[in-house]
**Q** 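Take this structure first; my questions come after.
Just so it is clear, the structure is predicted and the values come from calculations on it, not from any experiment. Hydrogens, waters and symmetry mates are skipped; everything else that's a heavy atom, side chains included, is used. Each chain gets a letter, A, B and so on, in the order its sequence line appears, and its residues count up from 1.
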Amino acid sequence: MSKQLQRRSELSTDLGRWLRMVEIRAVEECIQGLYTDGHVRGSTHLANGQEAIAVGIASIIRTTDTVTCTYRGHAFALALGISPEAVLGEICGRAIGCAGGVGGSMHLSDRTVGLMPTFAIVGAGVPVALGAALTAQTLGTDDIAVAVFGDGASNIGAIHESMNLASVWKLPVVFVVENNLYGEYSALRTTTPTDDLAVRAAGYDIPSLIIDGQDIDVVRASTIEAVARARSGQGPTLIEAKTYRYSGHSRSDPATYRPDGELALWMARDPIDIASKALSSTVIEARRAAVLRDVQEAVATVLRSPPPELSAAFEHVTSTLGPDA
Amino acid sequence: MSKQLQRRSELSTDLGRWLRMVEIRAVEECIQGLYTDGHVRGSTHLANGQEAIAVGIASIIRTTDTVTCTYRGHAFALALGISPEAVLGEICGRAIGCAGGVGGSMHLSDRTVGLMPTFAIVGAGVPVALGAALTAQTLGTDDIAVAVFGDGASNIGAIHESMNLASVWKLPVVFVVENNLYGEYSALRTTTPTDDLAVRAAGYDIPSLIIDGQDIDVVRASTIEAVARARSGQGPTLIEAKTYRYSGHSRSDPATYRPDGELALWMARDPIDIASKALSSTVIEARRAAVLRDVQEAVATVLRSPPPELSAAFEHVTSTLGPDA
Amino acid sequence: MTKLRMRQAVVHALADELECDPTVILLGEDIGAAGGAFKATEGLQERFGERRVRDTPISEMGFLGASVGAAATGLRPVVEMMFVEFIGVALDQLTTQAASFRYLSRGSYAMPLTLRAAVGGGLGFGCQHSQILDHWFRGTPGIHVVMPSTPQAAYGLLRAAIRSDDPVVVLEHKALYGERGEVELGDAGIIPLGRAATVTTGTDVTIVGLGRTVHTAVAAAAGANWTADIIDLQTIKPWDRACVLESVSKTRRLVTVEENSAPAGWGADIVDTVVGELWGNLSAPPHRITAPHIPIPYAQSLEDRYIPNAIYVHEQVTTLLDTGRRPAPWWEGRV
Amino acid sequence: MTKLRMRQAVVHALADELECDPTVILLGEDIGAAGGAFKATEGLQERFGERRVRDTPISEMGFLGASVGAAATGLRPVVEMMFVEFIGVALDQLTTQAASFRYLSRGSYAMPLTLRAAVGGGLGFGCQHSQILDHWFRGTPGIHVVMPSTPQAAYGLLRAAIRSDDPVVVLEHKALYGERGEVELGDAGIIPLGRAATVTTGTDVTIVGLGRTVHTAVAAAAGANWTADIIDLQTIKPWDRACVLESVSKTRRLVTVEENSAPAGWGADIVDTVVGELWGNLSAPPHRITAPHIPIPYAQSLEDRYIPNAIYVHEQVTTLLDTGRRPAPWWEGRV
Ligand SMILES: Cc1ncc(C[n+]2csc(CCOP(=O)(O)OP(=O)(O)O)c2C)c(N)n1
Ligand SMILES: Cc1ncc(C[n+]2csc(CCOP(=O)(O)OP(=O)(O)O)c2C)c(N)n1
Ligand SMILES: [Mg+2]
Ligand SMILES: [Mg+2]
């Protein structure tokens with residue numbers, strides 16, 4: 001079994017899921033430092049605070065299912081099974097990165113765990129997820145697709161078209177909107193007339209659920225329901241997971257636009273804390289330390305590892321005709 | 001007063017509106033013949049059966065209001081005040097056409113009556129209408145905009161984005177969906193999961209009305225309500241007008257996809273017939289004959305009139321820099 | 001060989017691929033029972049079913065995006081865009097998503113996506129339904145672009161496009177759908193991507209055309225006091241350098257004929273390459289014949305003048321050969 | 001003169017137009033309190049209010065379309081597209097709607113729409129946030145396209161763009177936002193559309209750059225054994241034929257330097273024009289220096305190599321002048 005599949009299978013227990021959330025949080029905490037030290041270029045988007053959604057979903061779906069996710073994709077990448085080395089390697093532009101260092105933070109992927117290259121254009125991944133669902137429907141497999149997007153993305157046309165299309169064609173797809181209350185620096189209420197986004201599902205005759213995205217058991221339960229509907233040919237479901245990103249939108253955003261106290265309120269409902277309740281505190285402390293050590297080691301490995309060869313830039317541009325010469 | 005404004009003012013009476021519907025029907029009936037005789041190129045889209053919507057709306061709004069409408073625009077163009085010569089001239093590519101013959105059937109317009117060049121790309125006119133509303137809101141006039149689109153267009157992204165934007169910004173706009181049950185050769189139920197499109201308005205917190213588009217008085221009443229809301233700063237309304245096009249989608253479509261009897265059912269509720277109920281039959285028969293004569297004369301005028309000069313093709317490409325040289 | 005109209009050749013190509021590969025599916029607006037706005041999918045839904053020949057809602061971004069996802073996961077979707085301009089509401093999915101999928105996944109995902117679109121002027125559809133717009137796609141690495149000139153090319157290039165593991169844009173000129181020609185069906189009729197075809201051979205000039213302008217060039221050469229290698233480019237991207245360079249090495253003169261205006265037309269890159277490769281071996285400046293840079297006018301007389309026709313191409317080439325200098329375009333002084 | 005970073009020059013241009021014309025409004029994502037992703041609208045909402053400096057939902061088609069309608073009816077909207085790639089979800093509104101509005105209304109409606117977009121590579125944003133993409137707009141009649149190289153040009157071209165009654169696309173290279181320069185503010189600082197600027201004069205070659213590559217060219221010429229007319233194109237469409245032709249008439253050699261790859265790059269049309277107009281008066285083949293035709297890679301070493309740099313441009317020009325032949329690009333053999 002590959003390392004990624006092994007990692008994915010670890011999500012079958014409460015402890016395994018909790019540890020993955022811990023790992024995600026730790027990896028993201030390293031990124032800020034790597035950025036400051038000049039190892040991360042461009043932009044990078046942390047999902048700290050949103051770990052329960054990624055891990056909850058990853059723990060339910062199969063590796064032959066497909067996930068399309070956004071630039072805010074570290075959590076999903078790690079949850080689905082990509083290793084910290086491959087994620088951090090990509091973010092730092094190293095050959096060991098999951099895209100060999102040519103993609104960067106916004107384009108993490110690994111087909112063996114079902115993660116398409118994460119999408120840097122808002123909304124773009126949603127119709128693409130429909131396509132994976134269409135393949136399953138056409139070939140008669142019972143694989144499904146999960147399309148993850150943000151509250152801000154809800155206002156882009158691609159998502160409207162996708163909801164309608166998925167409903168008319170009864171595609172096996174689960175729409176997951178991570179409603180973290182902000183799209184970049186804009187609060188939801190300034191860009192969207194309703195507080196809940198799930199209300200739109202009715203216009204497409206799609207069943208919807210509004211859930212607490214901070215509680216992994218809630219995420220899992222609603223995912224089970226939506227996935228069952230999809231696999232059994234009953235079509236799409238929209239899950240709106242209320243959540244929060246602790247950091248700003250991207251590495252350059254101090255998030256001063258948030259009202260005082262809002263962050264604290266959400267941190268009081270931290271998904272890792274919530275999930276820890278079910279676990280014995282002695283066990284988890286030891287295991288947490290191991291995870292943190294592994295993440296530190298991954299960082300060290302990445303920093304020791306070389307950038308891609310120049311030839312990597314010329315590979316995989318097209319299939320047969322060479323690099324589109 | 002210009003001829004167009006004069007024509008617009010004629011819509012202030014039941015009789016004037018009825019005559020305009022008669023005129024529209026007559027003009028469109030000529031088009032099929034003009035097409036067969038080789039005077040109409042490309043494609044052209046009749047709105048026969050839908051006249052009450054165009055005339056009803058035109059009779060309520062002001063000439064300083066803006067209308068964006070589709071390629072199926074003959075009815076709106078004539079209703080708003082453009083003359084049969086200018087409409088038919090454009091469709092036949094003559095210099096007297098409202099776009100000087102360079103636009104064609106899909107691009108009718110006249111700024112003096114508020115009609116922007118009609119839109120040949122599905123959905124494209126809807127955000128543009130928002131822009132006219134934005135101008136009014138920004139400059140503090142109480143003009144409004146009307147965005148007309150079809151049932152099929154409801155599934156395109158531009159409309160979703162526009163509904164949301166108009167709602168958040170409380171723009172003075174009236175969305176009018178002419179639900180004629182078909183988008184090209186596709187029945188609504190094959191492309192859209194719900195029978196009513198107005199249900200989507202709730203997702204944007206926009207009030208909506210589902211109306212009988214064949215009864216001009218109903219169209220007028222709902223337009224008055226929506227326009228009042230817009231002018232008084234209370235934001236957009238969605239009006240879904242149930243209607244039917246008697247012809248196929250465009251001149252090349254025999255509309256064989258329609259179930260037997262459907263057309264007859266709708267023709268039994270013809271908008272011109274319905275509107276005639278309130279009028280004295282002796283008056284209307286004489287006036288109808290005059291309108292038909294005028295339309296025949298307009299056709300003759302158009303057929304006698306020259307195509308545009310070659311120089312017309314080079315004018316109005318850009319403003320100052322010449323034809324974008 | 002079978003005599004077919006171009007639209008029928010398209011139907012045949014689609015049918016043959018649907019037949020021999022169960023992963024091929026078609027998507028587009030009214031391509032099913034209606035057979036497509038240009039009847040280029042006629043009968044296919046009846047034959048292959050509603051699952052494989054899918055009518056879509058009017059949601060270009062949605063169904064093009066879905067095709068991207070389907071192509072990545074094992075299908076070979078062939079998307080019909082009724083008019084190429086409609087890609088303006090969905091371009092992202094082609095040039096940003098499909099084009100970089102393979103690259104970003106380091107080859108894990110292939111992208112066997114074919115996008116057919118009707119293009120070109122001459123039929124009075126007005127300025128928003130008559131363009132070629134190859135420049136929207138030509139600048140993007142990872143995408144191939146082809147444009148057939150004949151029923152055979154429509155058949156052969158489309159089958160090659162569907163078999164390609166990369167996104168291929170197939171631009172079908174709507175004025176050619178009704179044209180007839182002999183078609184070699186079957187695998188022997190497949191035309192590989194990236195190869196031009198020499199239509200006539202001559203000595204004085206190489207004329208490169210694409211789609212409809214190939215016929216314009218042939219008509220322009222008829223009865224001329226010069227003879228030409230007329231090359232049908234077939235694939236615009238990547239275009240066949242070897243074929244063009246070999247010909248121009250011989251004729252020492254190049255003319256490209258396109259229905260685009262100059263600023264972003266495909267001829268410029270060919271002129272540039274020829275200038276670079278054959279510097280010192282040219283007897284006249286390579287020359288582009290294009291349309292003027294104005295929206296395509298509706299009225300017949302104007303649209304007919306807009307599109308480069310055989311008489312104009314004949315005059316232009318003749319003047320070029322006579323004078324060794326580029327002739328002015330017909331609209332000079334108007335712009 | 002005031003020393004400003006390019007981003008500040010943009011703020012000044014916007015502020016001056018907002019100040020002197022009440023119909024100017026700004027729209028874009030997070031351009032208000034946040035001051036824009038690149039801080040090129042900083043402080044403007046505070047100064048001019050929420051009605052005139054509007055944060056938009058993430059709805060590019062919606063707010064670009066609304067800007068088209070606003071421009072037609074009396075406002076002068078300036079739209080910020082955070083990254084030029086995002087226009088891929090809204091292109092229709094620019095190239096199909098805005099571009100033909102004046103034409104189809106026979107001049108009744110003007111279209112004073114300005115679309116600013118951040119472009120270009122070098123900062124590690126990856127292949128979907130680093131392109132120039134001028135080719136998306138260059139083929140469309142009715143649209144102008146400019147790209148500033150300095151704070152002065154950013155100020156002057158943007159003010160001219162806002163005052164134009166036509167749609168103007170302003171491409172701002174994100175690597176230049178932080179660069180400083182002296183800026184002449186006020187009306188005297190306005191730079192008319194359609195005019196190039198000669199940055200340095202020389203005798204051996206004319207180098208045409210745009211945006212960041214102007215600086216690359218200047219650096220390449222420093223200490224070279226040749227001297228160059230370095231021309232900053234400023235407006236890509238319509239580009240300044242008179243300026244370029246006059247210079248090449250003198251130097252007899254042309255090199256264009258662009259951050260695009262070759263197939264749809266702007267250099268080709270310039271090469272084509274120069275070849276046509278100055279045939280027989282050139283001492284070397286006009287030459288285009290471009291990036292390779294691959295997605296822009298993320299890793300720094302790769303991205304740095306991707307973008308034409310001063311050393312490479314120096315080598316290329318030197319070889320061209322030495323040999324009278326075009327040098328091969330650095331990636332030859334790799335593609
Ligand atoms: C089409 C498009 N428009 C704008 C952007 C810039 N952008 C990147 S992330 C983002 C905010 C998205 O917010 P949301 O959907 O709520 O997701 P979140 O970042 O909160 O996870 C924006 C505007 C983009 N990448 N693509
Ligand atoms: C973006 C786009 N996609 C497709 C088309 C082709 N098309 C023209 S009209 C039409 C049907 C529109 O149906 P509907 O909105 O119901 O309006 P109706 O024609 O019934 O008035 C289609 C698909 C187009 N013009 N633009
Ligand atoms: Mg968000
Ligand atoms: Mg309809």
**Q** Does any backbone or side-chain atom of C:Leu27 lie under 4.5 Å from a heavy atom of chain A? Answer side chain, backbone, both or neither.
**A** side chain
**Q** Could you report the tightest heavy-atom contact between A:Glu315 and C:Arg106, atom names first, then the distance?
**A** O-NH2, 3.1 Å
**Q** Please classify the contact of A:Leu139 with chain C as side chain, backbone, both or neither, using a heavy-atom distance under 4.5 Å.
**A** side chain
**Q** If every non-hydrogen atom of A:Pro117 is compared with every non-hydrogen atom of C:Phe101, which pair is closest and at what distance?
**A** CD-CE2, 3.7 Å
**Q** For C:Gly107, does its backbone N or O pair with a side-chain atom of A:Arg111 as donor and acceptor, under 3.5 Å?
**A** no
**Q** With rounding to the nearest 0.5 Å, note down the distance linking CD1 in C:Ile58 to CD in A:Glu161.
**A** 10.0 Å
**Q** Quick check: does any side chain N or O of C:Arg52 sit under 3.5 Å from a backbone N or O of A:Thr138, one acting as donor and the other as acceptor?
**A** no
**Q** Could you check if a side-chain atom of C:Arg102 sits within less than 4.5 angstrom of a side-chain atom of A:Ser319, using non-hydrogen atoms only?
**A** yes
**Q** Would you mind checking which part of A:Met163 comes under 4.5 Å of any heavy atom in chain C, side chain (CB onward), backbone (N, CA, C, O), both or neither?
**A** neither
**Q** Heavy-atom count check: over 12 atoms from other residues, nucleotides or ligands less than 6.0 Å from C:Arg195 CZ?
**A** no
**Q** Determine, step by step, whether C:Ile25 and A:Leu134 satisfy the side chain to side chain contact (heavy atoms under 4.5 Å, CB included) criterion, reporting the C-alpha distance in whole Å, the side-chain angles of both residues, the deciding distance to 0.1 Å, and the verdict.
**A** CA-CA 10 Å; C:Ile25 62 163; A:Leu134 182 62; 3.9 Å; yes
**Q** Do the side chains of C:Met61 and A:Ile156 get nearer than 4.5 Å, heavy atoms only?
**A** no
**Q** Could you tell me the separation between the CE atom of A:Met116 and the OH atom of C:Tyr109, rounded to the nearest 0.5 Å?
**A** 5.0 Å
**Q** Using non-hydrogen atoms only, which part of A:Leu108 is less than 4.5 Å away from chain C: side chain, backbone, both, or neither?
**A** neither
**Q** Side chain from CB out, backbone as N, CA, C, O: work out which of these in C:Thr96 comes under 4.5 Å of a heavy atom of chain A, or both, or neither.
**A** side chain
**Q** Please rank C:Gly74, C:Ser164, C:Ala72 by heavy-atom pairs under 4.5 Å with chain A and give me the top one.
**A** C:Ala72
**Q** Is it the side chain or the backbone of A:Ala313 that comes within 4.5 Å of chain C heavy atoms, both, or neither?
**A** both
**Q** Over all heavy atoms of both residues, which pair between C:Pro141 and A:Val317 is shortest? Give the atoms and the distance, please.
**A** CB-CG1, 4.1 Å
**Q** Could you tell me which portion of A:Ala120 (side chain, backbone, both or neither) has an atom closer than 4.5 angstrom to a non-hydrogen atom of chain C?
**A** neither
**Q** Which one wins on heavy-atom pair count under 4.5 Å against chain C: A:Thr66, A:Val102, A:Leu165, A:Leu130?
**A** A:Val102
**Q** Counting heavy-atom pairs under 4.5 Å with chain A, which one of C:Pro192, C:Ala71, C:Ala70 comes out on top?
**A** C:Ala70
**Q** Is A:Glu90 in contact with chain C via its backbone, its side chain, both, or neither, using a 4.5 Å heavy-atom distance?
**A** neither
**Q** Given heavy-atom pairs under 4.5 angstrom as the criterion, report whether the side chain, backbone, both or neither of C:Asp165 touches chain A.
**A** both
**Q** Should the heavy atoms of other residues, nucleotides or ligands under 6.0 Å from CD of A:Gln234 be counted, would the total exceed 12?
**A** yes
**Q** Locate the shortest heavy-atom distance separating A:Ala124 from C:Gln97; write the atom from each residue and the value.
**A** CB-NE2, 3.3 Å
**Q** Which bit of A:Ala129 comes within less than 4.5 Å of chain C, counting heavy atoms only: side chain, backbone, both or neither?
**A** neither
**Q** Between C:Ser100 and chain A, which part of the residue has a heavy atom less than 4.5 Å away: side chain, backbone, both or neither?
**A** neither
